[in-house]
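Data first, discussion second: the structure below is written as structure tokens.
So that the names make sense, note that chain A is the first sequence line, chain B the second, and so on, each numbered from 1. Note: hydrogens, waters and symmetry copies are ignored here, and every other heavy atom, side chains too, is used. Please read all numbers here as calculations on a predicted model, not as lab measurements.
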Amino acid sequence: MRPAQPQYRNARAGELRIDDAGRRVTLAGWVARRRDHGGMIFIDLRDASGYVQVVLREDDMAHTLRSEFCVQVTGEVSRRPAGNENPELATGEIEVIANQLRVLSESATLPFPIEGQGANEVGEEARLKHRYLDLRRTGPAATLRMRSQVNKVGRSVLDQHGFVEIETPNLTRSTPEGARDFIVPVRLQPGHWYALPQSPQLFKQLLMVAGMERYYQIARCFRDEDFRADRQPEFTQLDVEMSFVNRDDVLAVAEDVVVALWREVAGVELPRPFERMSHAEALRRFGSDKPDIRFGQELTDCTAYFSETSFRVFQAPHVGAVVMPGGAGQSRAELDGWQGWARARGAKGLAYVLVGPDGDLGGPVAKNLSDTEKVGLAELVGAEPGDAIFFAAGPRRHSLELLGAARQEIGRRCDLIDNSAWRLLFVVDFPMFTPTENGGWTAEHHPFTAPTPDWMDRFDAEPEYALADAYDLVCNGWEIGGGSVRIHQSDLQRRVFDLIGLDKDEAESQFGFLLDAFAYGPPPHAGVALGWDRIVALLSGAESIREVIAFPKVASGGDPLTGAPTPIPPAQRKEAGIDARPDVPLRDR
RNA sequence: GGUCCCGUGGAGCAGUUCGGAGUGCUCGCCGCCCUGUCAAGGCGGAGGUCGCGGGUUCAAAUCCCGUCGGGACCGCCA
């Protein structure tokens with residue numbers, strides 16, 4: 001007869017309650033904390049459901065237990081003696097009186113504390129190197145579970161809307177987004193390379209041509225660019241595309257998903273509809289295309305006010321200002337600090353005027369201003385006595401963005417931001433094109449983005465002003481989604497290609513397959529992609545998306561756990577065909 | 001490509017301004033004691049290339065140069 005299948009447990013530690021008193025249970029889990037009194041040993045046993053206190057009587061094995069041993073315990077669930085309840089624990093009314101203890105596996109001494117004092121202060125490098133231990137901890141584990149719930153809610157909402165979940169290739173060819181591709185050598189065709197998708201953009205458009213009408217995918221995307229707290233080289237989007245819809249139809253679906261997430265995951269009912277703001281207004285009022293509207297301190301345009309000024313610095317295409325409440329009280333060192341802060345952003349500096357208690361203006365800039373300029377300045381920018389006014393002068397967009405960054409910094413330093421607030425908005429009507437270095441134009445979003453309906457006929461006449469039917473979703477200053485209405489008419493597509501200087505051969509070689517597909521009755525379509533890592537980070541309060549990714553990479557591109565990337569041996573290199581010469585000459589685009 | 005911050009027993013820090021013996025704190029680890037703790041407690045103990053290399057100096061964790069690693073930001077990035 002074969003031995004029976006092992007039975008490791010018949011109850012979960014964190015689920016035991018007072019009603020279970022008297023039950024004989026078998027638990028399996030880890031020794032989270034240990035309190036050894038000699039004749040009596042308490043351990044807090046942890047499994048995925050939570051913790052329960054196990055009481056062990058003196059015997060040799062109990063004394064040998066150490067942190068994070070994996071153990072199996074059999075015993076009776078008992079009400080704790082009066083006065084010994086622990087309200088900190090969900091299972092604090094009861095304990096398990098063990099009469100059988102089995103060590104399933106031992107643990108070496110831990111590289112950092114998992115439980116108790118210091119567990120929340122471990123450096124990220126150590127945590128990531130032993131991420132499997134980091135994830136035993138309550139907080140990081142809860143974040144991954146939250147992410148799973150986010151996936152579930154997203155799928156559920158889209159399913160209710162009749163969407164079809166479809167997987168697209170990860171080994172593909174370069175897509176026309178602007179980032180650097182990760183490339184993969186192809187053994188069967190030496191000298192030829194796959195690219196990892198920066199997004200499933202072209203495939204989802206092909207699925208619209210295919211008549212799927214409503215597609216979505218929780219899609220991994222790859223971009224070989226430098227890291228940030230909110231950027232990893234591989235990241236996840238909830239990717240959505242719809243046929244026979246306009247912009248507002250897409251925004252409504254995105255809103256449905258986000259509202260459901262905040263409701264189901266955070267217990268927050270977001271007000272609907274989400275606010276909408278044109279890109280131009282966001283830039284003008286907040287100096288950003290992803291404004292944090294949890295606080296005011298909006299920018300003031302002072303260009304006209306200083307149009308006659310004799311102060312050289314303010315003789316610029318654009319002069320703007322932002323007010324720092326109470327900023328006049330800053331020390332010289334703090335004010336100098338702002339200069340360094342501005343220079344780090346590529347500016348010459350950040351001019352400032354201090355409003356004294358009596359309303360008189362101080363600071364190095366004030367003496368360069370005429371009396372008439374001084375008189376109305378505080379009122380113009382909305383400054384009160386005791387405030388500091390920061391100025392940026394120069395090219396309009398650059399000045400606005402510098403002030404926008406200053407505004408955000410002011411919000412942080414002056415504690416103007418309500419950290420419990422959720423402020424979502426759609427930024428719409430992005431510029432369709434941006435100028436290139438050699439005097440041409442390039443698509444701001446991607447070359448399949450349609451102009452807004454009122455620019456349809458004239459975008460190529462005034463490309464600098466043309467608006468695209470593209471949109472971003474912004475939450476508390478984080479860009480958490482973006483998309484556009486796509487071009488489905490070949491003549492319109494031709495005009496856009498002409499404007500960005502893409503001739504027929506180039507278009508054909510880069511994405512001829514998409515243009516071919518569009519010859520067969522492509523439906524009008526539009527889509528959006530939500531930044532899944534950022535959304536989970538916001539919902540979980542994480543400062544970095546590394547916290548919401550099971551095994552993230554560090555800024556140099558490595559994974560401290562696996563040690564990837566690694567060199568490869570010559571045989572593997574040869575087999576991969578990395579060094580094969582292409583049979584057609586190629587030039588840089 | 002650039003700017004800034006950090007690197008000190010296993011973890012987290014202090015010490016670095018203004019050079020003077022590896023000094024200190026909390027935790028962990030090891031041993032002993034301990035029957036109601038829950039960040040258990042008591043006593044004792046081990047554990048260090050102050051990231052690495054060079055320079056200045058009678059003397060460097062501390063000052064200078066370089067380099068490596070981590071982080072934040074600019075550039076870059078649907």
Side-chain angles (χ1 to χ4, degrees), chain A residues 32-44 51-58 62-63 66-68 80-89 91-92 95 97 108-130 133 175-181 197-201 219 221-233 235 237 239 289 337 340-347 401-402 405 408-409 430 443-446 448-449 470-473 479-484 527-531 534 543-544 546 553-556 558 560:
Chain A
R33 290 177 291 263
R34 179 173 52 98
R35 296 174 291 280
D36 186 343
H37 290 229
M40 175 174 244
I41 300 100
F42 300 97
I43 62 170
D44 291 340
Y51 300 83
V52 71
Q53 173 164 285
V54 174
V55 184
L56 296 147
R57 299 292 165 175
E58 184 168 26
H63 285 299
R66 292 293 182 269
S67 290
E68 302 303 322
R80 291 194 187 194
N84 281 316
E85 300 83 3
N86 182 359
E88 303 287 314
L89 235 48
T91 59
E95 60 195 3
I97 310 294
T109 300
L110 299 171
F112 55 81
I114 291 182
E115 303 272 354
Q117 184 170 351
N120 295 317
E121 297 156 4
V122 181
E124 196 175 2
E125 216 174 336
R127 290 175 51 205
L128 293 184
K129 180 159 186 180
H130 303 275
L133 295 179
T175 52
E177 283 109 4
R180 202 175 291 116
D181 285 322
Q198 297 177 29
S199 77
Q201 182 62 37
C221 306
F222 305 87
R223 291 176 196 165
D224 185 9
E225 297 294 345
D226 287 356
F227 289 60
R228 288 288 186 280
D230 61 353
R231 271 165 38 188
Q232 285 268 304
F235 62 97
Q237 292 184 337
D239 195 43
D289 56 9
W341 176 91
R343 276 193 294 274
R345 274 158 188 75
E401 286 176 350
L402 178 65
Q408 201 68 34
E409 189 65 25
F430 275 69
E444 167 104 6
H445 192 66
H446 60 62
F448 312 114
T449 301
Y471 31 81
D472 276 357
L473 176 58
E479 182 198 319
I480 59 168
S484 64
V528 69
L530 299 178
R534 292 177 184 175
E543 306 239 319
S544 155
R546 291 188 297 276
K553 291 170 182 58
V554 298
S556 57

**Message:** If I pick the P atom on B/C33 and the same atom on B/G71, what distance separates them, to the nearest angstrom?
**Reply:** 46 Å
**Asked** In Watson-Crick or G-U wobble terms, both distances under 3.5 Å, what is the partner of B/U3?
**Response** B/A72
**Fill in**
Here the distance between atom P of B/C77 and atom CG of A/Asp472, to the nearest Å, is 15 Å
**Asked** Would you say B/C30 has OP1 or OP2 under 4.0 Å from some side-chain N or O of A/Arg66?
**Response** yes
**Asked** Roughly how far apart, to the nearest Å, are B/G9 and B/G22 at atom C1'?
**Response** 10 Å
**Message:** Contact between A/Arg180 and A/Pro233 at the side-chain level, heavy atoms closer than 4.5 Å - yes or no?
**Reply:** no
**Request:** Answer with base, sugar-phosphate or nothing: what part of the nucleic acid does A/Pro111 contact at a heavy-atom distance below 4.0 Å?
**Result:** sugar-phosphate
**Request:** Using the P atom as the reference point in each nucleotide, state the distance between B/G55 and B/A59 in Å, no decimals.
**Result:** 12 Å
**P-based separation of B/U17 from B/C73 [nearest Å]** = 30 Å
**Asked** Of all the choices, B/A39, B/G36, B/G71, which nucleotide is nearest to the side chain of A/Phe42 once you look at every atom?
**Response** B/G36
**Asked** For the base of B/U37, is there a side-chain donor-acceptor partner from A/Arg80 under 3.5 Å away?
**Response** yes
**Message:** Does A/Ala529 reach a base, just sugar-phosphate, or nothing at all? Heavy atoms under 4.0 Å.
**Reply:** nothing
**Message:** Quick check: any donor-acceptor pair below 3.5 Å linking the side-chain of A/Arg57 to the base of B/U35?
**Reply:** yes
**Complete:** pair_partner(B/G24), Watson-Crick or wobble, both distances < 3.5 Å, evaluates to B/C13
**Request:** Identify whether any heavy atom of A/Ser484 sits under 4.0 Å from a base atom; if not, whether one sits that close to sugar-phosphate; answer base, sugar-phosphate or nothing.
**Result:** nothing
**Message:** Taking B/U23 as the reference, what is the distance to B/A60 when you measure between their P atoms (whole Å, please)?
**Reply:** 15 Å
**Request:** Please state the C1' separation for the pair B/G15 and B/C50 - nearest whole angstrom.
**Result:** 10 Å
**Request:** Kindly write out the residues that satisfy side chain to side chain donor-acceptor pair (under 3.5 Å) with A/Lys553, not counting sequence neighbours, or none if the list is empty.
**Result:** A/Glu234
**Request:** List for me each residue that meets salt bridge (Lys or Arg N to Asp or Glu O under 4.0 Å) alongside A/Asp44, sequence neighbours excluded, and say none if there are none.
**Result:** A/Arg33, A/Arg35
**Request:** Under the ring-ring contact (aromatic ring centres under 6.0 Å, His included) rule, collect the residues that match up with A/Phe430, sequence neighbours excluded.
**Result:** A/His279
**Who pairs with B/G66 - Watson-Crick or G-U, where each distance is under 3.5 Å** = B/C52
**Prompt:** What does A/Gly123 touch in the nucleic acid at a heavy-atom separation under 4.0 angstrom: a base, only the sugar-phosphate, or nothing?
**Reply:** sugar-phosphate
**Request:** Would you check if the side chain of A/Arg345 reaches a backbone N or O of A/Leu402 as a donor-acceptor pair within less than 3.5 Å?
**Result:** no
**Request:** Report yes if a donor N or O on one partner sits less than 3.5 Å from an acceptor N or O on the other, where the partners are the side chain of A/Arg231 and the base of B/C76; otherwise report no.
**Result:** yes
**Spacing of the P atoms in B/G66 and B/C5 (rounded, Å)** = 14 Å
**Request:** Report which part of the nucleic acid A/Gln53 touches: base, sugar-phosphate, or nothing (heavy-atom distance under 4.0 Å, all strands).
**Result:** base
**Prompt:** Does a side-chain N or O from A/Arg35 land closer than 4.0 Å to OP1 or OP2 of B/U37, or not?
**Reply:** no
**Message:** Within the 4.0 Å heavy-atom criterion, would you say A/Ala126 contacts the bases, only the backbone, or no part of the nucleic acid?
**Reply:** nothing
**Prompt:** Is A/Asp36 touching bases, backbone alone, or none of the nucleic acid, heavy atoms closer than 4.0 Å?
**Reply:** base
**Fill in**
Minimal heavy-atom distance between A/Gly83 and A/Glu85, with the atoms involved, is N-OE1, 3.1 Å
**Request:** Tell me which nucleotide among B/A39, B/C74, B/C76 gets nearest to the side chain of A/Arg345.
**Result:** B/C74
**Request:** May I ask you to say what A/Glu543 touches in the nucleic acid, namely base, sugar-phosphate or nothing, with a heavy-atom cut-off under 4.0 Å?
**Result:** nothing
**Request:** Using the P atom as the reference point in each nucleotide, state the distance between B/C4 and B/G10 in Å, no decimals.
**Result:** 31 Å
Would you tabulate the pairs of protein nitrogen or oxygen atoms and nucleotide nitrogen or oxygen atoms of nucleotides 24-28 of chain B closer than 3.5 angstrom?
from  : atom 1 : to       : atom 2 : distance (Å)
B/U26 : O2'    : A/Gln117 : NE2    : 2.0

**Message:** I want to check one thing: is the phosphate of B/C74, taken as OP1 and OP2, less than 4.0 Å away from some side-chain N or O of A/Arg228?
**Reply:** yes
**Request:** Using whole Å, report how far CH2 of A/Trp341 lies from P of B/G2.
**Result:** 22 Å
**Complete:** Applying side chain to side chain contact (heavy atoms under 4.5 Å, CB included) to A/Ala443 and not counting sequence neighbours gives A/Pro447
**Prompt:** Counting side-chain heavy atoms from C-beta on, which of B/G70, B/A11, B/G36 comes nearest to A/Val122?
**Reply:** B/A11
**Asked** Donor-acceptor pair, A/Arg546 side chain versus A/Val554 backbone, under 3.5 Å?
**Response** no
**Request:** Looking at every strand, decide which applies to A/Arg546 at a 4.0 Å heavy-atom threshold: base, sugar-phosphate, or nothing.
**Result:** sugar-phosphate
**Asked** Going by heavy atoms in the side chains, are A/Arg223 and A/Ser199 under 4.5 Å from each other?
**Response** yes
**Partner nucleotide of B/C32 by Watson-Crick or wobble geometry (both distances under 3.5 Å)** = B/G42
**Asked** Across the strands shown, which category fits A/Ala229 at heavy-atom distances under 4.0 angstrom: base, sugar-phosphate, nothing?
**Response** sugar-phosphate
**Any residue meeting side chain to side chain donor-acceptor pair (under 3.5 Å) with A/Arg34, in chain and number order, not counting sequence neighbours** = none
**Asked** With a 4.0 Å cut-off on heavy atoms, is A/Glu444 in touch with a base, just the backbone sugar-phosphate, or nothing at all?
**Response** nothing
**Prompt:** Is A/His37 stacked on the base of B/G36 when the test is centres under 5.5 angstrom and planes under 30 degrees?
**Reply:** no
